[in-house]
**Student:** 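If you scroll down you'll find the structure; I have some questions about it.
For the numbers below, each heavy atom of this structure counts, side chains included, while hydrogens, waters and symmetry mates do not.
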Amino acid sequence: STSLDAKAVPLVGLTAYWDHWWNERWSSSIGGSFNDQQNTNFQSAGALDKIRYASANVLYYPADNLMMGAEVLWGDRTDNGGASGDATRVQFSIKYNFGAKL
């Protein structure tokens with residue numbers, strides 16, 4: 001009979017963010033994260049090896065139940081086989097909270 005042994009892949013990861021209110025109507029958040037795995041020889045070339053991510057935003061609260069904002073996001077990934085890629089994007093959001101304050 002064949003026996004398969006599985007074991008957890010060791011990894012290190014960290015996420016940190018900082019929120020700041022500039023005044024009662026404006027706020028920002030900035031931060032990022034990373035993950036670094038100790039892959040095994042038996043994992044595929046497409047298995048995640050390393051990833052990094054960062055974002056920053058500016059939010060405006062023109063009314064008690066309305067928020068508008070813009071955010072810049074960036075990330076990169078390296079696979080077990082060495083392939084890698086990165087992406088940057090900009091996101092705009094509007095949030096209206098019906099019946100309650102934000």
Side-chain angles (χ1 to χ4, degrees):
S1 84
T2 303
S3 173
L4 296 176
D5 284 333
K7 77 177 197 182
V9 177
L11 66 88
V12 174
L14 176 70
T15 300
Y17 272 83
W18 177 65
D19 295 326
H20 179 73
W21 281 89
W22 301 99
N23 58 43
E24 67 179 33
R25 296 285 180 199
W26 291 90
S27 72
S28 295
S29 296
I30 188 169
S33 64
F34 77 90
N35 181 63
D36 188 358
Q37 296 186 177
Q38 304 281 323
N39 290 323
T40 69
N41 294 332
F42 299 107
Q43 287 181 263
S44 71
L48 176 65
D49 183 37
K50 294 180 180 69
I51 194 165
R52 296 182 296 168
Y53 178 82
S55 66
N57 67 26
V58 176
L59 303 175
Y60 175 56
Y61 301 82
D64 287 343
N65 55 349
L66 181 62
M67 180 213 51
M68 299 181 229
E71 184 169 36
V72 176
L73 306 106
W74 169 86
D76 76 354
R77 170 189 173 119
T78 303
D79 292 338
N80 194 33
S84 64
D86 66 334
T88 302
R89 67 181 191 259
V90 177
Q91 171 176 293
F92 299 95
S93 300
I94 297 175
K95 176 182 177 182
Y96 183 79
N97 197 5
F98 293 92
K101 294 181 179 182
L102 291 175

**Student:** Test of understanding: with ring pair (Phe, Tyr, Trp, His ring centres under 6.0 Å), list the residues that count as partners of W22, not counting sequence neighbours.
**Tutor:** H20
**Student:** Heavy atoms only: give me the nearest W26-W21 pair and the separation to one decimal.
**Tutor:** O-CE3, 3.5 Å
**Student:** Please evaluate residues F98 and N65 with respect to the criterion side chain to side chain contact (heavy atoms under 4.5 Å, CB included), reporting the C-alpha separation (whole Å), side-chain torsions for both, the decisive distance (0.1 Å), and the verdict.
**Tutor:** CA-CA 7 Å; F98 293 92; N65 55 349; over 6 Å; no
**Student:** Are I94 and F92 connected into the same hydrophobic cluster when the rule is that any two of I, L, V, M, F, W, Y join if their side-chain heavy atoms are below 4.5 Å apart?
**Tutor:** no
**Student:** Do F34 and V12 come within less than 4.5 Å of each other through their side chains, counting heavy atoms only?
**Tutor:** yes
**Student:** Output the distance between atom CH2 (W74) and atom OG1 (T88), rounded to the nearest 0.5 Å.
**Tutor:**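 Separation between the atoms: 8.0 Å.
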**Student:** Between the side chain of R25 and the main-chain N/O of Y61, is any donor-acceptor distance below 3.5 Å?
**Tutor:**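 A pair under 3.5 Å: yes.
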**Student:** Could you pull out all donor-acceptor pairs under 3.5 Å where a side-chain atom in residues 50-58 meets a protein atom, sequence neighbours excluded?
**Tutor:**
unit_1, atom_1, unit_2, atom_2, d
R52, NE, D76, OD1, 3.1
R52, NE, D76, OD2, 3.4
R52, NH2, D76, OD2, 2.5
S55, OG, Y17, OH, 2.8
N57, OD1, S29, N, 2.8

**Student:** Drop me the distance from S33's OG to L14's CG, to the nearest 0.5 angstrom.
**Tutor:** 8.0 Å
**Student:** Does any part of the side chain of L48, heavy atoms only, come nearer than 4.5 Å to the side chain of R77, both counted from C-beta?
**Tutor:**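 Yes - at least one pair of side-chain heavy atoms lies under 4.5 Å apart.
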**Student:** With rounding to the nearest 0.5 angstrom, report the CG to OG1 distance, N35 to T78.
**Tutor:** 11.5 Å
**Student:** To the nearest 0.5 angstrom, please state how far the CD1 atom of I30 sits from the OG atom of S28.
**Tutor:**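 Atom-to-atom, I30:CD1 and S28:OG are 8.5 Å apart.
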**Student:** State the NZ-CE distance between K95 and M68, to the nearest 0.5 angstrom.
**Tutor:** 14.0 Å
**Student:** Can you list the steps and then say if L73 with Q91 is a side chain to side chain contact (heavy atoms under 4.5 Å, CB included)?
**Tutor:** CA-CA 8 Å; L73 306 106; Q91 171 176 293; 4.0 Å; yes
**Student:** Would you say Q37 and N80 make side-chain contact, with heavy atoms under 4.5 Å?
**Tutor:** no
**Student:** Does V9 form a side chain to side chain contact (heavy atoms under 4.5 Å, CB included) with Q43? I'd like the steps, not just the answer.
**Tutor:** CA-CA 10 Å; V9 177; Q43 287 181 263; 3.8 Å; yes
**Student:** Where the side chain of D49 meets the backbone of G82, is there a donor-acceptor pair that is under 3.5 Å apart?
**Tutor:** no
